[in-house]
Amino acid sequence: MKALVCREFGPIDALAVLDVPDPVPGPGQVLVRVSAAGVNFPDALIVQGKYQYRPPLPFVPGVEAAGTVTAVGEGVQHVRPGDPVVAVCGLGAFAESVVAAADSVLPLPPGLDVEHAAALPLTYGTVYHALLDRAHLRQGETLLVLGAGGGIGIAAVELGKLMGATVIAAASSQEKLQAAADRGADHLVNYAEEDLRARLREITRGGGVDVVCDPVGGPHAEAALRSTGWNGRYLVVGFAAGTIPQIALNIPLLKGSAVVGVFWGEFRRREPQRAREELERLIEWAWEDRLRPLITARHALIDGREALYALLERRATGKQILRP
Ligand SMILES: NC(=O)c1ccc[n+]([C@@H]2O[C@H](COP(=O)([O-])OP(=O)(O)OC[C@H]3O[C@@H](n4cnc5c(N)ncnc54)[C@H](OP(=O)(O)O)[C@@H]3O)[C@@H](O)[C@H]2O)c1
C-alpha cells in the first residue's frame, strides 16, 4: 500500500509517499481502509522530532482516520469487515490502510460524513475533555478561545456554544474570525489589531471571562489570564506559537482563578472508558448535525506535506483532511 513516510526527523519536505507492506491486524487489533485522515498540529511536531515522544524511524504519521474495517484480529467483537469506523491510531493514518487497537476503533452511524468523523477525535476530543472535565464549563458562562480559527479553536467555539456558553473568539485575521463567527461565536476580537485586554473588559463589562481555552501559548496568554474573572479557569492546551509563556503566579492569586492543564492522550490512557464515552457523544452530535467540523482543505497523500506547512506557517483555518 501507499503511505506518507517519515524516514528522518526534520524537514517536512523529506516526507515521501512510498510503497510499504500492507499492515496485518494482530490479536485485539482492527485493520481500517482509510477514507479520510485528520491533519493536526502534533503531526507537524512529530515528523520534526519536536513532540513529547519520538517514534522509531521510519514511521507513518497521522493520529486519526475514518474509513471501513477490512479485517479484524483475534478477539475483536464490536466491529466487523465492512463497518464504517473512526480510529484513534496514534500513528499511521496517512496511509491507504492503518491498524489500530480495537478499543480505539469506534463504529460510525450510517450516513455520517467520513471527513467529519475523521476530524473529530483529536481536536474535538481534546476540547470536550478540556471544557467538561477540566474547566467544568457551565451554561451561561463566558468562554474565550484563543487561536479561534485553528483546529482546536474552531472545535472550542462549536463545543462552547453547544454547551451553552457565550463564546468570544480571538484570532489574528478576519478570515479566521469569520470562520469562528460561522460556527456561532458571539464576539470577535482580532488580537493582531486590537488590544485584547481592553476588548475583553468591554465585552464582559469588566466582569472578566470565566474560561479561557488556549491552544496558542503566545504573547496573548498573559493578557488572557489577566482577563479572567473570579473563579476563572485558564486551560493550557498547547503552544502553537512555539514559546511556553512564563507567567507570574500572583495573577491567579489576585484573580482567584485556576490554571488548568489539558492532556487528552494521557486522559485516554488513564481513563479510557470515559474518553470513549466522550468520543461517542461527539460522534452522535456530529451525526445529529449539532457539530459540523470545518474542513477547509482536502489533500492527496503527497500533499500532506503542504497541509503540515500550512499549520506551521499559521495559514490553516479549521481542519485539513488527507484522502488517501
Ligand atoms: N493538550 C492536548 O491534549 C492537545 C491535543 C491536541 C492538540 N494540542 C496542541 O494544540 C495546539 C493547537 O493545535 P491545532 O491543531 O489547533 O493547531 P492549528 O490549527 O494550527 O491552530 C493553532 C493556532 O495557533 C495560532 N498561532 C499563533 N502563532 C502561531 C505560529 N507561530 N504557528 C502556528 N500557529 C500559531 C494560530 O491562530 P492565529 O493566527 O489566529 O493566532 C493558529 O490558528 C498545538 O500546540 C497542539 O500540539 C494539544
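Counting starts at 1 for both ligands and their atoms, in listed order. Residue numbers run from 1 in the order of the sequence given.
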Between Lys319 and Thr296, does a side chain to side chain donor-acceptor pair (under 3.5 Å) hold up when you go through it step by step? CA-CA 6 Å; Lys319 194 97 175 200; Thr296 53; over 6 Å; no
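In this structure, Arg281 fails the cation-pi test against Tyr128, since its NZ or CZ atom is not both closer than 6.0 Å to the six-membered ring centre and inside 45 degrees of the ring normal.
Side-chain contact, Arg268 with Ser104: a donor N or O sits under 3.5 Å from an acceptor N or O.
For Glu175, the CD atom counts as loosely surrounded, since its 6.0 Å shell holds 12 or fewer non-hydrogen atoms of other residues, nucleotides or ligands.
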Kindly print each ligand 1 N/O atom paired with any protein N/O atom under 3.5 angstrom away, one pair per line, or none if nothing qualifies.
{"residue": "ligand 1", "atom": "1 (N)", "partner": "Val237", "partner atom": "O", "Å": "2.8"}
{"residue": "ligand 1", "atom": "1 (N)", "partner": "Val262", "partner atom": "O", "Å": "2.8"}
{"residue": "ligand 1", "atom": "3 (O)", "partner": "Trp264", "partner atom": "N", "Å": "2.8"}
{"residue": "ligand 1", "atom": "16 (O)", "partner": "Gly151", "partner atom": "N", "Å": "3.3"}
{"residue": "ligand 1", "atom": "16 (O)", "partner": "Ile152", "partner atom": "N", "Å": "2.7"}
{"residue": "ligand 1", "atom": "19 (O)", "partner": "Gly151", "partner atom": "N", "Å": "2.8"}
{"residue": "ligand 1", "atom": "32 (N)", "partner": "Ala240", "partner atom": "O", "Å": "3.3"}
{"residue": "ligand 1", "atom": "39 (O)", "partner": "Ser172", "partner atom": "OG", "Å": "2.6"}
{"residue": "ligand 1", "atom": "39 (O)", "partner": "Lys176", "partner atom": "NZ", "Å": "2.7"}
{"residue": "ligand 1", "atom": "39 (O)", "partner": "Arg314", "partner atom": "NE", "Å": "2.7"}
{"residue": "ligand 1", "atom": "40 (O)", "partner": "Ser172", "partner atom": "N", "Å": "2.8"}
{"residue": "ligand 1", "atom": "40 (O)", "partner": "Ser172", "partner atom": "OG", "Å": "3.3"}
{"residue": "ligand 1", "atom": "40 (O)", "partner": "Tyr191", "partner atom": "OH", "Å": "3.4"}
{"residue": "ligand 1", "atom": "41 (O)", "partner": "Tyr191", "partner atom": "OH", "Å": "2.6"}
{"residue": "ligand 1", "atom": "41 (O)", "partner": "Arg314", "partner atom": "NH2", "Å": "3.0"}
{"residue": "ligand 1", "atom": "45 (O)", "partner": "Phe239", "partner atom": "N", "Å": "3.3"}
{"residue": "ligand 1", "atom": "45 (O)", "partner": "Ala240", "partner atom": "N", "Å": "3.4"}

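Glu96 contributes a side-chain N or O that, together with a main-chain N or O of Lys2, makes up a donor-acceptor pair within less than 3.5 Å.
Partners of Asp182 under the side-chain contact (heavy atoms from CB on, under 4.5 Å) rule, at least two apart in sequence or in another chain, are Gln178.
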